[in-house]
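Numbers here simply count residues along the sequence, with the first being 1. In each ligand, atom 1 is the first atom listed, and ligand 1 is the first ligand listed.
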Amino acid sequence: MTALRWPHGARAACAFTFDLDAETLWLARGVTEPVALSQGAFGVLEALPRILGLLRQADLVASFFVPAWVAEHCPDAVAAIVAAGHEVGCHGDVHERVSDLDEAAEEKILVRSLDVLTRVAGSRPVGYRAPAWQLSGRTLELLARHGFEYSSNMMDRLQPYLHPVTEGRRLVEIPVSWVLDDAPFFLFTGQRTIQPPGPVLQGWLTELDGITEVAGVTTFTFHPQLIGRPSRFACLRELVDHARHTPKLWVARLDQIAAHARAELG
Ligand code: ZN
């Protein structure tokens with residue numbers, strides 16, 4: 001397999017991505033109880049401004065995946081993300097599981113999320129991340145049909161790659177992993193234990209160094225409502241510092257990485 005070369009003499013890439021699920025993380029589980037929902041609100045009210053502040057101080061740009069429901073309920077949050085130079089990508093409507101939907105429902109939600117985000121963010125999204133990283137057998141074809149540039153859902157590689165041609169267009173895939181996600185460690189649903197942040201940070205740092213060694217892309221996926229708690233925000237700050245001080249590491253938005261990958265591989 002041909003290895004992807006990175007721009008500007010970089011040896012690897014790293015992306016900080018945030019899924020701004022807010023209340024939809026809970027609504028999608030059928031939860032309507034106010035205290036549970038307030039955990040989602042924390043992501044927008046308390047966490048997002050601090051995350052934007054950290055990224056500004058570090059002079060880094062990031063990608064935010066926003067459900068249409070969240071964009072409609074919190075347009076100021078989306079405006080703040082866009083004003084800071086970050087990317088906004090599609091992430092369902094109310095965080096519904098795509099794998100549970102029939103084709104008509106899946107396409108309707110995709111079109112609605114494109115319309116809402118285009119209106120609220122002021123430009124058309126080019127990236128798609130499925131809620132809970134669950135695709136249907138049709139998702140990639142639908143993304144190609146509706147003009148997306150990339151998907152950030154698969155867990156099979158450490159470097160971006162091109163999907164086979166669908167609907168006359170090849171989608172770029174920017175791979176992810178549950179290991180690089182905060183939810184498996186920090187999302188408390190009543191059954192799962194809460195992990196101490198220190199060992200989780202150590203794992204993330206080791207992943208970043210290891211993926212950098214093999215010229216891959218480290219795609220961190222964080223949820224403001226989880227990573228925004230002070231004990232975990234300290235982990236995020238250390239990760240950002242570590243990434244910035246890693247020589248020849250290109251820290252970029254996923255749309256920038258996708259454009260580069262398409263130019264190199266297409
Ligand atoms: Zn999500």
Review point. Does a side-chain heavy-atom distance below 4.5 Å link Ile51 with Pro224?
Key: yes

**Study point:** Lys/Arg cation over aromatic Phe186: Arg229, 6.0 Å, 45° cone
**Key:** no

Point to revise | Under 3.5 Å side-chain donor-acceptor pair for Glu106 and Thr139 | key: yes

Exercise for review: State whether a side-chain donor-acceptor pair under 3.5 Å links Glu96 with Trp69.
Suggested key: no

Review point. Can you list the other members of the hydrophobic cluster that holds Val179, where links are side-chain heavy atoms under 4.5 angstrom apart?
Key: none

Practice item. For the Zn ion (ligand 1), state how many protein N, O or S atoms fall inside a distance shorter than 2.8 Å. Key: 4

Check your understanding: Does atom CZ of Arg138 have more than 12 heavy-atom neighbours from other groups under 6.0 Å away?
Key -> yes

